[in-house]
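The next block holds one structure in the form of structure tokens; read it before the comments.
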Amino acid sequence: MKFTTSKSKLKGKPRSCCVVGIFQGKQLQGLAAQVDQLSAGALSAHINSGGFEAKENESIVLYDVPGLKWQKLIAIGYGKADELDVKRYRQVAETVVKKLRELHVTGADLWLLADEVNGCDHKVKARHLIEAMGNAMYRFDKMKSSADKPKPMAIAFQVATEVQLKKTRQGVQQGKAILDGVNLAKDLANLPGNVCNPSYLAQQARNLQKKYAIKTKVLNQSQMEKLGMDALLSVAKGSSQPAKLIIMEYHGAAAKQSPVVLVGKGLTFDAGGISLKPAAKMDEMKYDMCGAASVFGALVAAAELKLPINVSGVIPSSENLPDGNANKPGDIVTSMSGKTIEILNTDAEGRLILCDALTYVERFKPAAVVDIATLTGACVVALGQHASGLLANDQDLADELLQAGEKSLDRAWLLPLWQDYQSQLDSNFADIANIGGPSAGTITAACFLSRFTNKYSWAHLDIAGTAWRSGGKDKGATGRVVPLLSQFLIDRSEKS
Ligand code: BES
Ligand code: MN
Ligand code: ZN
């Protein structure tokens, strides 16, 4: 998809398609009104006849209207003006893509930016349009032997003034960068476990160096052994694929500035290990590396935007399979931090690979650490698919992330990380157990991680419910929480 921006011209060379937005029950305004005038009232005629009410996502197509340079004119309904917020605006953008596809249009002048969306300037509007249109365009057909490739689409944003042009260009730049990050995260996540294994992720991380100002380092198992990362390595024991610790560094600021560190769970397939998962929907556990995918996406967005900030991405990656060598319930391992862990359930493996990565990142003297993980089924029960779970040892950091989630429409919800829950992790035989019983599973998982994050300001995002859509026709990765993380990094870089 290609996006350009220009000042609108109502007359001139013939063009194939134009999209205008119309508010329900309101006089035509702005560009829609001008188009209507030029076409001697073709639009208003349809509205006045009751043929088009401009309800939310309603649309009409007019062909070869005399007076207009466009062959097709698509009018999309916004619904009521006072109800048009960013969320609805994004839905409208999705409808536009659907419509363009139906009509086999490969290029369109989009005139939606001039319209008033509650509390948004042109920058915000342009960015959300791009993200929403990109989402609607996305297909994953890398694994199909033949696929009819959707034709590339060129969207030209039309604005009225120089100031709008400037703002729109900023929004387009941001939107494109975030969309590239989202698409990369989706692509990695949608790949099957037999392709996307820890070594594959490591290679993708190395590949980023060719295109972006990112430096990659990959630790192999013997290097991790020397560091004492036995919790992480224990998870990989049941698999023939070696574990990897992937480290990517983006330097956008002075070397002395401490980095924001993103740690992503990169479990490329989670069968549960000896505590085997049930068969139904087990295929979806290829998505257990969506935390890692988010880290890839956020780094790419930061690098594309050349944000003046340092960001490190650290990805512990492994498979979790049952095998004669696999962890057994009751096994005790020693983490890199020195703490011993009783593995009461081998399916609570995410925290085992994350805890060693969280100890490893101490060496970066981080400004903040955010880990992202498809960590608990309990989070899907608690928050469903709309909000990611957020827990933190620093309220300011939590607030920053919550705000970034609101702005990017990739929202998170704060859960308590109270001391009261910590005793659920008591073990009779080791320093800590890897499960905390049936209640408050998302919180006790975060409590476990919190034992390894005392040295820095830290937040944890549980994306088990938000990272992919389950079952059905919509099944697939969502690219969350790339928008949230990108916004967080943008906001941080503007402050520093
Ligand atoms: N990757 C899963 C969490 C998960 C499950 C995410 C289903 C999305 C959908 C994680 O490794 C896991 O298995 N967690 C266990 C923890 C339990 C054993 C304490 C869970 O949630 O059941
Ligand atoms: Mn598991
Ligand atoms: Zn898992």
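Values in this document were obtained by computation on a predicted structure and should not be read as measured data. Atom set for the values below is all heavy atoms of this structure, side chains included, hydrogens, waters and symmetry mates excluded. First listed ligand is number 1; within each ligand, the first listed atom is number 1.
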Ranking R351, K277, M285, K281 by closest non-hydrogen atom to atom 9 (C) of ligand 1, top hit is M285
Just wondering, is there an N, O or S atom on K265 that's nearer than 2.8 Å to the Zn ion (ligand 3)? yes
Check the orientation of F140 and Y138. Use parallel for under 30°, tilted for 30 to 60°, and perpendicular for over 60°. parallel
Of all the non-hydrogen atoms in the protein, which one sits nearest to atom 10 (C) of ligand 1, and at what distance? L375 O, 3.3 Å
What atoms of ligand 1 come closer than 4.0 angstrom to any heavy atom of E349? 11 (O)
Show the atoms of ligand 1 that are less than 4.0 angstrom away from any heavy atom in I435. 19 (C)
One residue to check: F448. Relative to ligand 1, which of side chain, backbone, both or neither has a non-hydrogen atom less than 4.0 Å away? neither
Nearest non-hydrogen atom to atom 18 (C) of ligand 1 belongs to which of N345, D462, T374, V235? N345
Atom of D270 nearest the Mn ion (ligand 2) (restricted to N/O/S, atom name only): OD2
Are E102 and K98 close enough for a salt bridge, meaning some N to O gap below 4.0 Å? no
The atom of E349 among N, O or S that is nearest the Mn ion (ligand 2) is OE1
State, to the nearest 10 degrees, the angle whose vertex is the Zn ion (ligand 3) and whose arms point to OE2 of E349 and OD2 of D270. 90°
Considering just N/O/S atoms, say which atom of D288 is closest to the Zn ion (ligand 3). OD2
Atom 21 (O) of ligand 1 - nearest protein heavy atom and its distance: G377 N, 2.7 Å
side-chain hydrogen bond (donor to acceptor under 3.5 Å, both in side chains), that's the test. Do T346 and N327 meet it? Break it down for me. CA-CA 6 Å; T346 66; N327 278 333; over 6 Å; no
Looking only at the side chains, is there a donor atom on one of T95 and N57 sitting less than 3.5 Å from an acceptor on the other? yes
Provide, to 0.1 Å, the distance between atom 12 (C) of ligand 1 and the closest protein heavy atom, together with that atom's residue and name. D347 O, 3.2 Å
Against heavy atoms of K265, which atoms of ligand 1 measure under 4.0 Å? 1 (N), 10 (C), 11 (O)
